[in-house]
Every structure is written in structure tokens, then in C-alpha cells.
Amino acid sequence: MTTYSLELRNLRKSFGKTDIIRGVDLAVTAGERVAIIGPNGAGKSTLFNLISGRLAPTSGEVLLNGTRIDGMKPYEINRMGLSRSFQITNIFPKLSVFENLRCGVLWSLGYKYTFLRFLSNLDDANERTEELIRQIGLEKKRDVHAMNLTYAEQRALEIGVTIAGGASVILLDEPTAGMSKTETSHFISLIKHVTVGKTLLTVEHDMGVVFGLADKIAVVVYGEVIAFDTPAAVRANARVQEAYLGSSVADAQGAGH
Ligand SMILES: Nc1ncnc2c1ncn2[C@@H]1O[C@H](COP(=O)(O)OP(=O)(O)O)[C@@H](O)[C@H]1O
Ligand SMILES: [Mg+2]
């Protein structure tokens, strides 16, 4: 049997009497980049909350590398190798770029080692932190407080913090929100670069970005995944066109409305 990097089995979530996630099945292979698209309110962020442990499912299963994680706490899931970033930036404003990243690195070392081994690994942590700074292109901002970075730099730092712990599965919820076209394209290549070899799930609205980034696209409409396939297949899927994509796909292909 194949072990997937991330697997959702008949996942459901209700708030009160309202069914928000209505039986989602999804199996993501290790190293795949998946874009999650769908109208506002479809349940994309809720899906991420269920996967990352912020919300408990009403029923169904979530498996990370073959292990059930539904019902676990967010930090437990994080330590099992899944890391997410938020629509709202979650970096420490009064710590420098270096310090923010090193927090993330130390967090991942902290539980693996006894205190003495932990101390002897500080050099490793510092080295890994410097490497992260290079990866996200903030060498010149190494000692600048996070609050004094530009918006795009803060988002880059947040990606750095998200991957700092070495997670194998990364969830990004609308990472390019609020960015200009130029910032977006720069940022997407950064995301591609730093997630090489990792499994990536990202919620994204910009269809140009989606088709450029994703190996596969999951289309979420009204709490269900109505399609999960390659960009070409999703583009050609009649049900998707009908339910959601039509005009957006035309936009991405430059055909206008
Ligand atoms: N904690 C909550 N309590 C009640 N309703 C919620 C909660 N979180 C989300 N919802 C509802 O679930 C639906 C899906 O929301 P969300 O997952 O944020 O959608 P998306 O990210 O696709 O825009 C929305 O109708 C939203 O109002
Ligand atoms: Mg959302």
C-alpha cells in the first residue's frame, strides 16, 4: 500500500448545524506541490485548520506519512513534520531576522536532544540559521528587527520560520495576499526554491501563480474537493469550469472574459 505524505479520509467538519467540510478525500504524494483553489468561504482555511490540528474534525481521518494525526495538538503535529504559515504574519516583531529564524531552528532541535547535547548543537543551529537567511534572500537584513522589514520581506521571513524546523509537509494559506505582481512572482520562485523535496499545499487565488507553481490542483467548492488533478486536466474538467473556473482560467490564459 502506498504511504502518502498527507492523506485525508472522508473528513468532515460542522460548526453547529452547518456542515462546512463535507467528506473530503485527498491523497498527496511526497514532494508534490498542490494548489488549493476555490471560491471564498468554500472551506480552504478550515481544511488547513483540520490538517494542522487547530480544529478537530467532526469525523474522518488525517494521516501524516501514514500516521493518524487527527485529534493531536498543533505542536505535536508540527513536531511530526508538518508546518503551516498563517494568513496573518506570525513572526516576533522585536526580534531580528536571525533571532526569528533561530527560534524556529532551536524549536526543532529542542525536543530531539538532552540539554547538554542541545548546547553542543548550538553551532549547528547557528549555521542552519545562516543558511535559511541565504535561502530567503535576507542576508542584508540579518540583524534588522522583523517589524522594520518591508511587507514582502516579512512574508519571506515567515516562510523561513515555517521551514526552519525542517518539516517535510508545508501548508501556506494565501502566501501572496497583498503583494504586487512583481513581489508575487519573486515570492513564488522563493517558495519553489525553499520547498524543493518537500510536500507543499498552498491556497492561492491568482490563477497565473497556480498554473505556474502546482503539480496538482485541488478544487474545493462548498466543502468538497470536486477535482484533484494536474493543471491541464483541471483546466479541461467540465465540472470545474461549470462550478468555478471558467472565467479565471480564461484570465490565466490571457484570453480575457
Ligand atoms: N470557527 C468557525 N465557526 C463557524 N463558522 C466558521 C468557522 N470557521 C469558518 N467558518 C465558516 O466556514 C466557511 C468556510 O470558511 P473558510 O474555511 O475560512 O473558507 P475559505 O478559506 O475557503 O475562504 C465559511 O462560511 C465560514 O464562515
Ligand atoms: Mg481562507
Side-chain angles (χ1 to χ4, degrees), residues 6-26 28 33-62 69-75 77-78 82-91 151 154-155 158-159 161-162 169-179 183-184 187-188 191 195 199-211 213-214 216-229 231 234 237 239-249 251-252:
L6 185 71
E7 195 177 353
L8 310 180
R9 293 180 182 161
N10 198 14
L11 198 63
R12 291 171 189 275
K13 180 67 183 178
S14 312
F15 294 113
K17 285 187 178 144
T18 315
D19 300 330
I20 298 295
I21 300 299
R22 305 186 306 147
V24 164
D25 293 287
L26 197 72
V28 182
R33 293 197 182 105
V34 177
I36 299 177
I37 66 172
N40 276 333
K44 305 178 296 295
S45 294
T46 304
L47 218 42
F48 273 15
N49 288 334
L50 294 171
I51 296 168
S52 63
R54 210 168 174 214
L55 291 173
T58 305
S59 63
E61 300 179 0
V62 181
I69 57 167
D70 48 272
M72 288 188 185
K73 302 251 187 316
Y75 77 88
I77 294 171
N78 184 274
L82 183 141
S83 183
R84 79 171 284 187
S85 78
F86 293 87
Q87 273 170 294
I88 298 160
T89 305
N90 62 342
I91 49 184
Y151 179 72
Q154 287 184 357
R155 302 310 302 236
E158 190 177 354
I159 297 292
V161 170
T162 306
V169 179
I170 307 290
L171 310 185
L172 306 176
D173 198 347
E174 304 193 20
T176 65
M179 286 188 183
E183 286 171 338
T184 296
F187 199 56
I188 290 300
I191 289 173
T195 57
T199 306
L200 175 69
L201 279 78
T202 176
V203 174
E204 180 59 58
H205 286 296
D206 184 321
M207 286 305 142
V209 169
V210 167
F211 286 108
L213 176 71
K216 280 194 174 173
I217 298 176
V219 185
V220 179
V221 176
Y222 191 35
E224 286 183 307
V225 173
I226 65 161
F228 180 50
D229 218 325
V234 166
N237 183 313
R239 198 178 164 204
V240 174
Q241 303 238 355
E242 195 182 317
Y244 169 64
L245 260 181
S247 59
S248 311
V249 170
D251 289 347

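Just so you know, ligand 1 is whichever comes first in the structure, and atom 1 is the first atom listed for that ligand. Side chains included, hydrogens not; waters and symmetry mates left out as well; all remaining heavy atoms used.
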For ligand 1, which atoms have a heavy atom of [X] less than 4.0 angstrom away?
| X | value |
| --- | --- |
| Thr46 | 9 (C), 14 (C), 15 (O), 16 (P), 17 (O) |
| Ser45 | 17 (O), 18 (O), 20 (P), 21 (O) |
| Asn40 | 23 (O) |
| Gly43 | 14 (C), 16 (P), 17 (O), 19 (O), 20 (P), 22 (O) |
| Ile20 | 11 (C), 12 (O), 13 (C), 14 (C) |

Test item: [X] and [Y] side chains (from C-beta on) under 4.5 Å apart, heavy atoms:
| X | Y | result |
| --- | --- | --- |
| Ile51 | Leu6 | yes |
| Phe211 | Asp206 | no |
| Ile170 | Leu201 | no |
| Val203 | Phe48 | yes |

Item to check | Heteroatom proximity flag, Leu47 to ligand 1, N/O under 3.5 Å | outcome: no

Next on the checklist: Polar contacts were defined as any N/O atom of the residue lying under 3.5 Å from an N/O atom of the ligand; does this apply to Phe15 and ligand 1?
Outcome noted: no

Checklist entry - Would you find a donor on one side and an acceptor on the other, under 3.5 Å apart, between the side chain of Lys44 and the backbone of Pro39? => result yes

Next on the checklist: Ignoring hydrogens, what is the shortest heavy-atom contact between Leu172 and Ser85? Give both atom names and the distance.
Outcome noted: CD2-OG, 3.4 Å

Next on the checklist: If we only consider heavy atoms of Gly38, is any one of them less than 4.0 Å away from an atom in ligand 1?
Outcome noted: no

Checklist entry - Would one find an N, O or S atom of Thr46, in either backbone or side chain, under 2.8 Å from the Mg ion (ligand 2)? => result no

Next on the checklist: Can you see whether Ser52 engages Arg84 through a side-chain donor-acceptor pair at a distance of less than 3.5 angstrom?
Outcome noted: yes

